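Below: one structure, written as structure tokens.
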Amino acid sequence: MPGPSPGLRRALLGLWAVLGLGILGISAVALEPFWADLQPRVALVERGGSLWLNCSTNCPRPERGGLETSLRRNGTQRGLRWLARQLVDIREPETQPVCFFRCARRTLQARGLIRTFQRPDRVELVPLPPWQPVGENFTLSCRVPGAGPRASLTLTLLRGAQELIRRSFAGEPPRARGAVLTATVLARREDHGVNFSCLAELDLRPQGLGLFANSSTLRQLRTFALPPIPPSLVTPRFLEVGSERPVSCSLDGLFPAPEARVYLSLGDQRLQPDVTFDGDSLLATATATPSAEQEGTRQLLCSVTLGGESRETQENLTVYSFPTPLLTLSEPVAPEGKVVTVSCWAGARALVTLEGISAAVPGQPAELQLNVTEKDDKRGFFCEAALEVDGETLRKNQSAELRVLYSPRLDDSDCPRSWTWPEGPEQSLRCEARGNPEPSVHCARPDSGGAVLALGLLGPVTRSLAGTYRCTAVNGQGQAVKDVTLNVEYAPALDSIGCPEHITWLEGTEASLSCVAHGVPPPNVSCVRSDTDRVMEGLLRVTREHAGIYRCEAINARGSAAKNVAVTVEYGPSFEELSCPSNWTWVEGSGRLFSCEVDGKPEPRVECLGSEGASKGAVLPLVSSNPGPRNSVTSSNLSPGIYLCNATNRHGSTVKTVVVSAESPPQMDEFSCPSHQTWLEGAEATALVCSARGRPSPRVRCSREGAARLERLQVSREDAGTYRCVATNAHGTDSRTVTVGVEYRPVVAELAASPPSVRPGGNFTLTCRAEAWPPAQISWRAPPGALNLGLSSNNSTLSVSGAMGSHGGEYECAATNAHGRHARRITVRVAGPWLWVAVGGAAGGAALLAAGAGLAFYVQSTACKKGEYNVQEAESSGEAVCLNGAGGTPGAEGGAETPGTAESPADGEVFAIQLTAQ
């Protein structure tokens with residue numbers, strides 16, 4: 001049987017796959033668990049608040065569902081598988097709502113938990129006592145009703161900012177609400193006025209809410225300390241009616257003392273105390289003024305109250321009446337000679353005594369009569385009254401004054417006959433007169449229009465006030481007159497008239513130093529020399545030692561004055577050797593003048609005139625502050641010799657002889673010390689030619705500048721250079737710079753031929769170099785027959801053009817200057833094809849020599865004729881020297897020289913110049 005087709009097979013496989021998947025899906029749905037959910041599951045709500053609950057399920061088709069709770073509902077919202085309901089006014093501490101759904105014949109439930117919290121809105125601290133004794137305990141009680149949950153609540157009792165006790169209620173049941181915290185506290189002084197409070201904190205931060213805190217009303221504590229002892233009361237034993245007497249009440253150990261209240265009373269009369277505080281002490285003072293109704297024994301009460309407690313004390317005192325004695329005069333003002341009655345009385349119970357005389361019995365007056373005189377004026381009368389009170393005698397007194405009318409009296413004690421005042425300060429003239437009524441006093445100078453003294457007025461004292469015044473005192477009973485002298489004293493004064501600043505005495509005369517000073521009282525004047533303590537007194541024989549500055553001082557009772565007095569002692573002129581020497585040396589060119597100081601006052605005029613020789617009649621210039629009339633001559637034209645010096649002032653004249661000599665400082669010039677000097681090398685070494693003029697004779701020293709000159713026996717070229725010569729004597733120095741040149745004999749230092757070889761007809765040159773000073777003159781001597789010789793301008797080179805055999809032979813170069821001559825020779829040998837001529841016959845040789853000699857002579861003569869000679873040597877020697885030696889010294893041929901004038905080497909230098917044929 002054929003199988004199914006591939007397409008059918010694939011369709012069947014797909015169907016089975018679909019069915020398998022469907023069955024698996026149905027099994028999965030049937031096995032899934034259904035549940036109910038309540039959100040929020042746990043909630044914390046403020047008491048009285050509201051909350052939305054969401055009840056839901058995953059059941060596809062729940063039959064029914066709901067939310068069970070005892071709380072009030074406000075609204076509901078529904079869906080197929082959910083329910084939302086708002087709960088309001090939640091007040092129960094804890095409730096458990098239930099969410100349920102009916103699904104597939106099963107009940108699905110979800111249970112929640114709702115708790116409420118209440119903020120600590122009411123924090124109550126029990127009121128404190130009005131006053132709390134220090135050292136006793138009191139109770140602090142804090143109550144927080146309704147706040148919760150209690151487990152999250154913390155209560156703290158505070159004293160100011162200080163924490164006293166803190167309690168947390170953690171662990172309390174969740175439904176517990178409200179809390180109470182109590183503490184016992186010891187009252188201290190420092191707690192007075194301190195605020196106590198209670199702090200409640202509800203910490204819901206772990207539940208996602210915040211920290212809720214509140215404090216109670218502040219309760220202020222007042223503490224006090226009142227000692228158990230009574231106050232101390234200070235009061236007099238007796239009080240007089242109508243008098244004012246202080247009473248005081250004090251108590252120590254109070255706290256706080258300013259809070260205490262004091263009650264002070266005298267009998268039924270309440271006193272008004274003045275209360276002061278010092279730390280813990282109290283002092284209440286009051287004035288007690290009893291009335292006549294209070295006479296007798298009365299009680300003084302003091303009560304101190306603090307913190308509701310009191311301490312009091314009381315004292316008994318006696319109130320009495322005792323009037324002041326009544327003292328009367330029949331005539332308080334009576335004229336002199338009048339009879340006056342004096343009486344005294346002091347009440348019914350008092351015993352009076354007048355001027356020591358007592359009344360017969362208490363209650364009777366005492367009397368006294370007298371005939372008044374001047375002495376009774378302003379007399380006081382004294383009355384004393386005695387009263388016995390409570391076993392003690394009290395006394396009072398009264399006085400009165402009697403005035404007696406009488407005429408003025410001017411006593412010396414009140415108006416002195418003589419007044420002495422210092423000048424300057426303000427004074428008040430006092431001239432008082434006794435008399436009743438009081439007299440008026442007037443003082444004036446007796447002369448007409450005299451000055452009047454202002455009595456009793458303060459004014460400056462001047463010398464013009466001095467004099468005699470007449471003082472008159474007048475009142476209604478008569479007058480009195482008295483003369484008064486006023487003396488004005490003042491400090492001394494030294495003026496230029498009585499004590500001049502400058503005094504001049506003449507030596508040898510008698511004089512005294514006296515100074516007159518003005519002053520009252522008359523001053524005592526003394527003069528003391530400034531540099532000593534000796535007082536100048538009496539008549540003196542004047543010497544020069546008396547000259548100087550004197551301090552004159554005038555002293556009296558009012559002060560002192562001092563001034564300096566310069567005493568000058570004048571005397572005639574006199575010479576001293578030190579200040580005007582008998583011998584004086586004048587130095588030419590120094591500008592110095594003769595110093596001739598003469599002792600004398602006033603300063604003498606000095607003039608010196610020549611008396612002998614060249615100086616006769618000449619004036620000697622002087623260094624003087626007071627020269628003579630002809631002392632205008634300058635020192636440049638002074639003449640040595642003998643001079644007479646005359647010194648004159650108004651007290652005389654004197655003469656002195658002075659010998660003047662002349663000296664001069666060193667001088668060098670070109671004549672005495674040439675600036676250019678020449679030495680000869682090899683000569684004996686000598687010093688520079690330098691001398692100097694001057695008096696005394698100068699010493700001359702010369703030294704080379706730069707490197708020092710070496711000591712040697714003969715002059716060397718190294719001695720050349722610049723020298724400095726210095727001339728010295730007592731009056732100074734002079735110097736010159738000298739240039740030294742060293743001359744030496746000539747030496748031919750070099751004689752050479754160039755080139756070393758030349759072909760016949762070629763050129764060659766001989767060079768001659770000489771060393772000499774002054775420069776040497778060069779001259780040549782050539783072999784005979786040498787023609788066509790050329791010389792340089794200074795003869796230092798000899799040149800030959802077109803050399804021939806005749807140019808061979810000995811050449812000599814000579815160097816000549818003023819100090820000698822030196823020569824050197826050089827031999828030139830010429831070889832070549834022409835030698836055959838010399839090898840020929842003797843006749844030919846002889847002919848050739850003759851021809852050579854003739855040619856040599858021709859060259860020499862021709863050269864001389866042509867002027868080829870040493871011009872320089874001719875100019876210096878006066879004759880020409882031929883180049884070939886024709887004008888030289890005879891016998892110089894072959895190198896012989898005049899001894900001492902030339903120098904030649906033992907063997908002349910030979911140079912071979914080979915001439916070759918072309």
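Since we're looking at a predicted model, the values are computed, not measured.
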query: Would the SG atoms of Cys527 and Cys515 measure under 2.5 Å apart?
result: no

- prompt: What are the two closest heavy atoms between Lys563 and Cys499, and how far apart are they?
  reply: NZ-O, 2.7 Å

- request: Indicate yes or no: does Glu663 engage Arg592 in a salt bridge with an N to O separation below 4.0 Å.
  value: no

message: Go through it in stages, so that I can follow the logic: the residues are Cys690 and Cys725, the test is disulfide (SG to SG under 2.5 Å), and I'd like the CA-CA distance, side-chain angles, deciding distance and then a yes or no.
response: CA-CA 7 Å; Cys690 259; Cys725 295; 3.7 Å; no

Hey, can you pull the donor-acceptor pairs under 3.5 Å for the side chains in residues 593-600, sequence neighbours left out?
{"unit_1": "Asp599", "atom_1": "OD1", "unit_2": "Tyr571", "atom_2": "OH", "d": "2.6"}
{"unit_1": "Asp599", "atom_1": "OD2", "unit_2": "Arg544", "atom_2": "NH1", "d": "2.7"}

query: Do any N or O atoms from the side chain of Asn763 and from the backbone of Gly802 form a donor-acceptor pair under 3.5 angstrom?
result: yes

Over all atoms of both residues, closest heavy-atom pair of Gln677 and Val738: NE2-CG1, 3.8 Å

- request: Describe, in one word, how the ring planes of His807 and Phe764 are oriented to each other, choosing from parallel (under 30°), tilted (30 to 60°) and perpendicular (over 60°).
  value: perpendicular

- request: Indicate whether the side chain of Arg551 and that of Asn564 have a donor and an acceptor atom separated by less than 3.5 Å.
  value: yes

task: Mind checking the CG-CG spacing from Leu644 to Leu620? Nearest 0.5 Å is all I need.
output: 11.0 Å

- prompt: Does one side chain, of Ser716 or Asp719, offer a donor that lies under 3.5 Å from an acceptor on the other?
  reply: no

field: Side-chain donor or acceptor of Ser792 paired with backbone N/O of Thr797 under 3.5 Å
entry: yes

field: Minimum-distance pair of heavy atoms, taken over all atoms of Ala647 and Phe575
entry: CB-CZ, 3.7 Å

- prompt: If you measure from the SG of Cys608 to the SG of Cys645, is it under 2.5 Å?
  reply: yes

- request: Decide whether Arg693 and Ser672 meet the rule of one side-chain donor and one side-chain acceptor closer than 3.5 Å.
  value: no

Can you list, pair by pair, the side-chain donor-acceptor contacts under 3.5 Å of residues 767-776, counting residues two or more places apart and other chains?
{"unit_1": "Arg769", "atom_1": "NE", "unit_2": "Glu750", "atom_2": "OE1", "d": "3.2"}

field: Candidate pair Arg736 and Glu670, rule salt bridge (Lys or Arg N to Asp or Glu O under 4.0 Å), full reasoning
entry: CA-CA 9 Å; Arg736 282 183 66 81; Glu670 187 66 26; 2.6 Å; yes

query: Under the side chain to side chain donor-acceptor pair (under 3.5 Å) criterion, do Ser661 and Thr585 qualify, and how do the steps go?
result: CA-CA 5 Å; Ser661 58; Thr585 300; 3.2 Å; yes

message: Please determine whether a side-chain nitrogen of the Lys or Arg among Glu576 and Lys656 lies less than 4.0 Å from a carboxylate oxygen of the Asp or Glu.
response: no

